[in-house]
Asks: 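Quick one: the structure is below, and I'll ask about it shortly.
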Protein chains: 2
Amino acid sequence: MRARLKDVAARAGVATNTASTILNRRSNSWASKETAARVFKAAEELGYKPSRAALGLRLGSFKTVGLVIPDLHNPVYTTFADLLEQRMRDHGYDLILEHSRNDLKYEKHCLDSIIDRQIDAVTYFVSDLNTHLDFLKRAAKTSTHVVALTGPSIEPFPFDAVEMDFASGITAAVEHLLDLGHEHFAFLCALAKGQEAGDRPNVFNQMLKERGIPENQNSFIPCAHDLLSARNTFGEFLDGISGPKPTALIAMNDLTAIGAMRAASERGIRVPEDLSVIGVDNIPLGRFLPRQLSTIAQPLEELADATAELMLYRLNNDDEEDSKPQSRKFKAKLLIKETTGRVC
Amino acid sequence: MRARLKDVAARAGVATNTASTILNRRSNSWASKETAARVFKAAEELGYKPSRAALGLRLGSFKTVGLVIPDLHNPVYTTFADLLEQRMRDHGYDLILEHSRNDLKYEKHCLDSIIDRQIDAVTYFVSDLNTHLDFLKRAAKTSTHVVALTGPSIEPFPFDAVEMDFASGITAAVEHLLDLGHEHFAFLCALAKGQEAGDRPNVFNQMLKERGIPENQNSFIPCAHDLLSARNTFGEFLDGISGPKPTALIAMNDLTAIGAMRAASERGIRVPEDLSVIGVDNIPLGRFLPRQLSTIAQPLEELADATAELMLYRLNNDDEEDSKPQSRKFKAKLLIKETTGRVC
DNA sequence: TTGTAAGCGTTATCAT
DNA sequence: ATGATAACGCTTACAA
């Protein structure tokens with residue numbers, strides 16, 4: 001059987017609590033060096049590890065934070081998870097990773113599971129604010145700290161948030177494509193299951209209209225988050241198109257950009273000669289494709305830093321519940337690589 | 001504050017243990033429908049969730065299993081993790097995912113952390129058997145069940161194992177390349193930090209020698225697991241080579257194959273015209289590259305099935321500690337796609 | 001310096 | 001049918 005503190009104490013010939021005090025190097029321990037040494041030795045010999053269950057029960061915390069990502073297979077999220085884990089571990093917290101499979105229903109399940117576990121804090125990518133406002137409130141009730149990873153909000157966000165603004169990056173991308181002479185655009189938008197496109201098409205159309213491109217020269221193509229869906233959706237779009245094909249594609253994430261490029265290549269469409277492609281995320285993989293993927297980059301390290309910082313602040317100031325929600329804002333940057341070119 | 005069972009009982013006007021019995025639908029509960037309904041209602045209203053900490057302490061288990069993967073950024077592992085998670089969740093177990101960053105030292109840390117958490121069972125990719133034989137023994141002591149994901153072992157493996165045999169797949173790959181007329185081979189081998197190449201080069205040389213290719217026409221190139229290392233290592237190899245360049249490359253995993261192909265493309269070497277490439281793993285991504293990646297495929301779903309099955313068997317038969325270790329064996333299969341071709 | 005005892009939230013045993 | 005009570009392993013006053 002697993003060794004308990006009691007066993008360690010017995011073997012060292014002290015009382016249980018004495019062993020506890022010594023092992024935790026509590027300041028009120030005036031135990032003799034000798035005694036302390038005996039206890040450490042006993043713990044070592046027995047391979048003693050404190051029971052997380054007992055610790056959790058007694059201390060009311062597992063020293064663990066949660067991260068819910070939409071997609072375990074998208075490198076942008078695993079990269080972020082990795083970064084955040086390192087930062088939290090440096091401060092003595094474990095990170096539990098859940099993934100919601102790009103499904104709003106399942107996301108709710110993940111968040112519930114996080115709360116169940118009495119995790120100290122959670123951070124997650126907010127796909128739809130309304131859907132989760134009730135979660136945020138419930139989390140607040142069980143005193144689970146939340147840091148939301150979200151788009152920019154106009155009103156002050158009612159919870160701690162790391163806000164990522166893609167708008168300027170997308171605008172820069174469009175303007176860069178216009179400079180290259182492109183006039184026919186496609187916009188591939190990865191949507192979670194159960195998520196609506198919302199006003200994204202309008203935003204896109206509006207942006208182009210302001211720059212002299214009429215609405216009938218733009219195509220808004222909703223698809224799922226995975227490679228296969230991107231390939232199929234964009235492929236079917238290409239096959240079904242009647243007028244002139246788009247010469248420029250902006251994909252809402254790098255992974256779908258890769259899927260779309262495959263669909264193009266299957267149809268003899270060359271990138272970037274026939275089609276310029278810009279993704280979003282700047283996943284490491286993008287730099288290792290035969291053509292390095294042009295992309296709108298998220299500053300992942302800074303996002304992880306900010307997230308860790310906000311979490312740790314709450315974790316360390318558990319008392320001051322009333323303090324104002326904080327937010328950190330970041331902007332995406334256009335990164336031109338090898339999948340964009342002048343229109344032929 | 002979070003609602004406790006005591007609160008639910010109070011609100012329903014019953015004793016704590018009665019509430020427990022009812023909520024868990026224990027068979028000895030002869031509670032009246034009325035009482036039961038009241039308890040369920042109270043639990044609902046209070047948003048009652050049992051405390052994992054208390055449950056863990058009382059039941060001695062968290063109904064959780066662990067999976068340690070070498071690399072969170074390699075789709076083959078996240079795919080496996082996803083599959084295993086689904087299967088375990090179907091049987092009421094949560095999956096905790098750790099990644100050891102392809103570092104033998106850190107892997108040990110991960111495994112320790114798993115044991116610490118009083119997790120019921122753990123499965124992990126054995127990179128080096130000797131390094132971890134002591135872990136396996138220690139796990140046995142704390143009655144943490146282990147299923148090892150490992151290469152084929154000659155002697156019966158002393159623990160439950162899912163054995164993956166790549167040898168026949170690699171042989172098939174070599175023979176296929178020979179059929180295509182290749183005579184100069186490179187072998188890119190991803191090694192974990194702290195891991196030795198062992199007899200891999202010899203196995204490789206021997207296999208080719210038996211088929212008429214002298215040793216000086218083979219290159220064994222060790223590298224790390226990541227894209228960047230693969231690109232740099234293979235790039236430097238290409239730059240430094242004096243005699244004829246290899247026309248065939250077998251990379252020990254798809255990710256490094258992608259990195260190596262990038263290095264080739266940067267040097268104007270075309271795939272497959274100038275260089276045939278075969279990876280290992282059959283990651284989904286491989287099918288969405290401009291050239292679909294030829295690969296040696298692991299049957300991931302079957303591996304996940306087998307792993308889940310072995311784990312669940314131990315979990316459900318906690319008593320029969322003495323029963324023999326079991327193993328399930330699988331073979332990799334060659335999958336020819338678009339990155340292999342006749343030598344020009 | 002060390003020991004005693006209470007308590008964290010739950011389940012299980014035994015009375016009632 | 002239901003209720004007291006002990007126990008899981010640990011920390012932390014407080015007493016000695």
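Every chain is numbered from 1, with letters handed out A, B, ... down the list of sequences.
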Asks: Could you work out which one of dC8(D), dT2(C), dC10(D) sits closest to the side chain of Ala54(A)?
Replies: dC10(D)
Asks: Write down the distance between OH (Tyr48(A)) and P (dG9(D)), rounded to a whole number of angstrom.
Replies: 10 Å
Asks: In chain order, what residues pass the side-chain contact (heavy atoms from CB on, under 4.5 Å) check against Leu57(B), with sequence neighbours excluded?
Replies: Ala53(A), Ala54(A), Leu57(A)
Asks: If you check the Thr35(B) side chain, which of dT2(D), dT12(D), dT10(C) turns out closest?
Replies: dT2(D)
Asks: Quick one: does any side-chain atom of Asn316(A) pair with a main-chain N or O of Leu312(A) as donor and acceptor, under 3.5 Å?
Replies: yes
Asks: Sort and list the pairs that fulfil ring pair (Phe, Tyr, Trp, His ring centres under 6.0 Å) and have at least one residue in residues 96-128 of chain B, not counting sequence neighbours.
Replies: Tyr77(B)-Phe125(B), Phe80(B)-Phe125(B), Tyr106(B)-His109(B), Tyr124(B)-His132(B), Tyr124(B)-Phe135(B)
Asks: Rounded to the nearest Å, what distance is computed from the CG atom of residue Leu5(A) to the P atom of nucleotide dG3(C)?
Replies: 13 Å
Asks: Looking at Glu309(A) and Arg328(A), does any basic side-chain N land under 4.0 Å from a carboxylate oxygen?
Replies: yes
Asks: Round to the nearest Å and state the distance from Phe62(A) atom CZ to dG9(C) atom P.
Replies: 12 Å
Asks: Test your reading of the model: is there a side-chain donor-acceptor pair from Asp7(A) to the backbone of Arg4(A), 3.5 Å cut-off?
Replies: yes
Asks: Under 4.0 Å from any atom of DNA chain D, heavy atoms only: list the residues of residues 6-16 of chain B that qualify, in numerical order.
Replies: Val14(B), Ala15(B)
Asks: Tell me if a side-chain donor or acceptor on Gln195(A) pairs with a main-chain N or O of Ala192(A) at a distance below 3.5 Å.
Replies: yes
Asks: Can you check the Arg52(B) CZ to dG9(D) P distance for me, whole Å?
Replies: 19 Å
Asks: Does the side chain of Ser51(A) get closer than 4.0 angstrom to OP1 or OP2 of dC10(D) through an N or O atom?
Replies: no
Asks: I'd like to check the salt bridge (Lys or Arg N to Asp or Glu O under 4.0 Å) partners of Lys6(B); sequence neighbours left out, ordered by chain and number.
Replies: none
Asks: Atom NZ of Lys63(B) to atom P of dT10(C): distance rounded to whole Å?
Replies: 18 Å
Asks: Could you give the CZ-to-P distance, from Arg58(B) to dC8(D), as a whole number of Å?
Replies: 8 Å
Asks: Any side-chain to backbone donor/acceptor pair from Thr64(A) onto Phe62(A)? Under 3.5 Å, distance only.
Replies: yes
Asks: What nucleotide, of dT11(D), dG9(C), dT11(C), holds the atom closest to the side chain of Leu55(B)?
Replies: dT11(C)
Asks: Does Ser20(A) have a side-chain nitrogen or oxygen under 4.0 Å from the phosphate oxygens OP1 or OP2 of dC10(D)?
Replies: no
Asks: Which nucleotide sits closest to the side chain of Asn17(B): dA4(D), dT11(C), dC8(C)?
Replies: dA4(D)
Asks: Could you state the CZ-P distance from Arg4(A) to dA7(D), rounded to the nearest angstrom?
Replies: 13 Å
Asks: Please enumerate all residues that pass side-chain contact (heavy atoms from CB on, under 4.5 Å) together with Lys108(B), with sequence neighbours excluded.
Replies: Asp134(B), Arg138(B)
Asks: Using the C1' atoms of the five pairs at each end, what is the angle between the end axes of the helix from dT1(C)-dA16(D) to dT16(C)-dA1(D), to 10°?
Replies: 50°
Asks: Taking atom P of dG9(D) as reference, at what distance in whole Å does atom CG of Asn24(A) sit?
Replies: 17 Å
